[in-house]
Amino acid sequence: MKLLRYGEIGAEKTGLLDADGNVRDLSAHLPDLSGAALGRLDELRDIDPASLPLVENPGRIGACLASVPNFFCVGLNYALHAKESGLDAPSEPVLFSKATSALSGPFDPVIIPRGSEKADWEVELGVVIGREALYVSEEDALDYVAGYCTVNDVSERAFQIERLGQWIKGKSAPTFAPIGPWLVTADEVPDPQALDVSLSLNNETVQSSNTSDMIFSVREIVSYMSQFMKLMPGDIIATGTPAGVGMGMKPQRFLRPGDVMEVTVEGLGSQRQEAVAAE
């Protein structure tokens with residue numbers, strides 16, 4: 001299934017994308033799509049999409065998941081990205097978080113925050129946890145994944161790297177976490193390590209890779225994280241970005257108002273965001 005949320009901010013409804021690409025209103029069965037709802041996926045699969053009301057004009061598409069408990073990220077998880085960052089490939093996954101207040105819709109503007117000097121882009125495969133995971137083996141790790149989504153892990157490099165403290169400061173401004181357009185259930189993604197990922201800036205492709213190039217696979221990431229914390233239904237894990245970020249360019253290139261990003265993960269849908277300056 002491809003599930004989504006549509007409508008204005010704070011008033012989103014739950015939808016289902018049918019086989020013809022039409023949005024069907026799922027809200028009578030599921031008022032909102034959140035972590036608590038992920039345990040009902042089997043029940044939702046039994047619904048005939050044709051029996052649901054057709055939404056002829058869904059309007060704004062919102063973040064594909066509501067009430068996200070935690071937004072985790074994995075850094076330096078593509079070899080070429082580590083290289084362009086001037087760093088050795090890590091021996092264990094590099095973990096950090098984004099504030100969930102950064103979540104936004106896949107077509108909402110990305111707001112360059114006040115004081116920003118180095119706002120950057122990062123296409124990523126997002127993993128959505130479906131049930132509590134603690135001390136999970138790599139063999140069983142994918143059983144805890146409810147689905148996947150496209151993520152743009154927007155980052156402010158000066159805040160992230162040049163200011164003291166943790167990376168979270170450079171990752172968490174409002175609109176710095178566009179997710180969606182869809183939450184694609186795991187049964188539609190037989191191999192999360194075989195997906196093309198790409199990002200274009202003003203119609204020029206700057207990132208193009210495949211999840212097969214990850215240093216740590218989705219299985220390894222979920223298992224590894226569960227050794228240190230209990231992953232919860234609705235948690236999102238952004239699994240790292242390939243080479244081609246603005247920080248790695250020579251000369252470096254960062255987002256300016258008016259720039260347009262188009263972000264795609266194969267099978268999970270595309271996003272489009274225009275960068276705008278904060279008021």
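- Nearest approach of D196 to N210, heavy atoms of both residues: OD1-ND2, 2.8 Å.
- Of the charged side-chain nitrogens involved, at least one lies within less than 4.0 Å of a carboxylate oxygen, so that K171 and E122 count as a salt-bridged pair.
- Without hydrogens or angle criteria, E262 side chain to L199 main chain gives no donor-acceptor distance under 3.5 Å.
- V151 and F176 end up in different hydrophobic clusters when Ile, Leu, Val, Met, Phe, Trp and Tyr side chains are linked at under 4.5 Å.
- Taking all atoms of both residues into account, the shortest heavy-atom contact from P49 to D18 is CB-CB, 4.1 Å.
- At least one donor-acceptor pair closer than 3.5 Å links the side chain of D120 to the backbone N or O of M247.
- Under a 4.0 Å N-O distance rule, the pair E156/K98 does not qualify as a salt bridge.
- Side-chain heavy atoms closer than 4.5 Å link hydrophobic residues (I, L, V, M, F, W, Y) into clusters, and following such links, possibly through other members, connects Y148 to F72.
- M261 and I61 end up in the same hydrophobic cluster when Ile, Leu, Val, Met, Phe, Trp and Tyr side chains are linked at under 4.5 Å.
- A donor-acceptor contact shorter than 3.5 Å is absent between the side chain of Q273 and the backbone of V110.
- In terms of modelled atom types and a separation under 3.5 Å, the side chain of R272 and the main chain of F107 share no donor-acceptor contact.
- Residues V128 and D235 have side chains not in contact (no heavy-atom distance under 4.5 Å, counting atoms from C-beta outward).
- Judged by distance alone, the side chains of T264 and S270 do bring a donor and an acceptor atom under 3.5 Å apart.
- Rounded to the nearest 0.5 Å, atoms CG (N202) and CG (L255) are 9.0 Å apart.
- A heavy-atom distance below 4.5 Å is found between the side chains of L41 and M1.
- Using a 4.5 Å cut-off on side-chain heavy atoms (C-beta onward), P257 and V276 make no contact.
- With hydrogens and angles ignored, the 3.5 Å screen pairs a side-chain donor or acceptor of D25 with a backbone N or O of S27.
- For Q227, the CD atom counts as densely surrounded, since its 6.0 Å shell holds more than 12 non-hydrogen atoms of other residues, nucleotides or ligands.
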Apply side chain to side chain contact (heavy atoms under 4.5 Å, CB included) to the pair V74 and V94, showing each step before the final yes or no.
-> CA-CA 5 Å; V74 182; V94 176; 5.5 Å; no
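- Closest approach of F159 and P113 over heavy atoms only: CE1-CG, 3.9 Å.
- The shortest distance between side-chain heavy atoms of N152 and V123 does not fall below 4.5 Å.
- For E162, the salt bridge (Lys or Arg N to Asp or Glu O under 4.0 Å) partners two or more places apart in sequence, or in a different chain, are K118.
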Are T14 and L4 close enough, and set up right, to give a side chain to side chain contact (heavy atoms under 4.5 Å, CB included), and what steps lead you there?
-> CA-CA 6 Å; T14 305; L4 67 148; over 6 Å; no
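- For I47, the side-chain contact (heavy atoms from CB on, under 4.5 Å) test picks out L26, H29, L44, S51, L52, with sequence neighbours left out.
- The closest donor-acceptor contact from the side chain of T211 to the backbone of P192 lies under 3.5 Å.
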Assess whether salt bridge (charged side-chain N to carboxylate O under 4.0 Å, His left out) is satisfied between E138 and R219, documenting all intermediate values.
-> CA-CA 5 Å; E138 288 184 20; R219 284 185 185 275; over 6 Å; no
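- Under a cut-off of 6.0 angstrom, the local environment of CZ in F228 is crowded, with over 12 non-hydrogen atoms contributed by other residues, nucleotides or ligands.
- Side-chain contact between D259 and R253 is present, with at least one heavy-atom pair separated by less than 4.5 Å.
- Within 6.0 Å of CD on Q252 lie more than 12 heavy atoms contributed by other residues, nucleotides or ligands.
- A side-chain donor-acceptor contact under 3.5 Å links W121 to the backbone of G244.
- Here L33 contributes atom CG and S67 contributes atom OG; the two are 10.0 Å apart, rounded to the nearest 0.5 Å.
- Contact check for L16 versus V23: no side-chain heavy atoms found under the 4.5 Å cut-off.
- How far CG of L65 is from OG of S34: 7.0 Å, rounded to the nearest 0.5 Å.
- Within the model, atoms OH of Y78 and OG1 of T241 stand 7.0 Å from one another, a figure rounded to the nearest 0.5 Å.
- Using a distance-only test at 3.5 Å, with no hydrogens or angles considered, a donor-acceptor pair links the side chain of Q271 to the main chain of P178.
- In terms of hydrophobic clustering, with Ile, Leu, Val, Met, Phe, Trp and Tyr side chains grouped at heavy-atom distances under 4.5 Å, L76 and V222 are assigned to different clusters.
- A side-chain donor-acceptor contact under 3.5 Å links E124 to the backbone of G240.
- K230 has a carboxylate O that lies under 4.0 Å from a charged side-chain N of E132, or vice versa, which qualifies the two as a salt bridge.
- Annotation for R40: atom CZ counts as buried by contact number, over 12 foreign heavy atoms lying within 6.0 Å.
- Between R60 and E12 there is a salt bridge, with a side-chain nitrogen of the basic residue lying less than 4.0 Å from a carboxylate oxygen of the acidic one.
- Here the straight-line distance linking atom CG of L164 with atom CD1 of I161 works out to 13.0 Å at 0.5 Å rounding.
- What you find for S226 and A133 is that their closest heavy atoms are CB-O, 3.8 Å.
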Test L268 against V189 for side chain to side chain contact (heavy atoms under 4.5 Å, CB included), laying out the working first.
-> CA-CA 9 Å; L268 306 185; V189 185; 4.0 Å; yes
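- Taking every heavy atom of both residues into account, I112 and A119 meet most closely at CG2-CB, 4.4 Å.
- Inter-residue side-chain proximity for P93 and F216 is flagged as met; some heavy-atom pair is nearer than 4.5 Å.
- E92 and Y224 are linked by a side-chain donor-acceptor pair at a separation below 3.5 angstrom, with hydrogens and angles left out of the test.
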Could you please spell out the steps behind the side chain to side chain contact (heavy atoms under 4.5 Å, CB included) verdict for I129 and M232?
-> CA-CA 7 Å; I129 298 298; M232 301 299 293; over 6 Å; no
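- When atom types are taken as modelled, the side chain of S172 and the backbone of A99 share a donor-acceptor pair closer than 3.5 angstrom.
- Heavy atoms of other residues, nucleotides or ligands lying less than 6.0 angstrom from CZ of R45 number more than 12.
- Contact record, C149 with W182: CB-O, 3.4 Å, taken as the closest heavy-atom pair.
- At a cut-off of 3.5 Å, with distance as the only test, no side-chain donor of E220 or S223 sits close to an acceptor on the other residue.
- For the residue pair T185 and D187, a side-chain donor N or O sits within less than 3.5 Å of a side-chain acceptor on the partner.
- The shortest distance between side-chain heavy atoms of L103 and I179 falls below 4.5 Å.
- Linking Ile, Leu, Val, Met, Phe, Trp and Tyr residues whenever their side-chain heavy atoms come within less than 4.5 Å places V197 and I221 in a single cluster.
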Decide yes or no on salt bridge (charged side-chain N to carboxylate O under 4.0 Å, His left out) for R24 and D48, but give the supporting numbers first.
-> CA-CA 10 Å; R24 299 283 180 163; D48 179 5; over 6 Å; no
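- S97 OG to N70 CG: the interatomic distance, rounded to the nearest 0.5 Å, is 6.5 Å.
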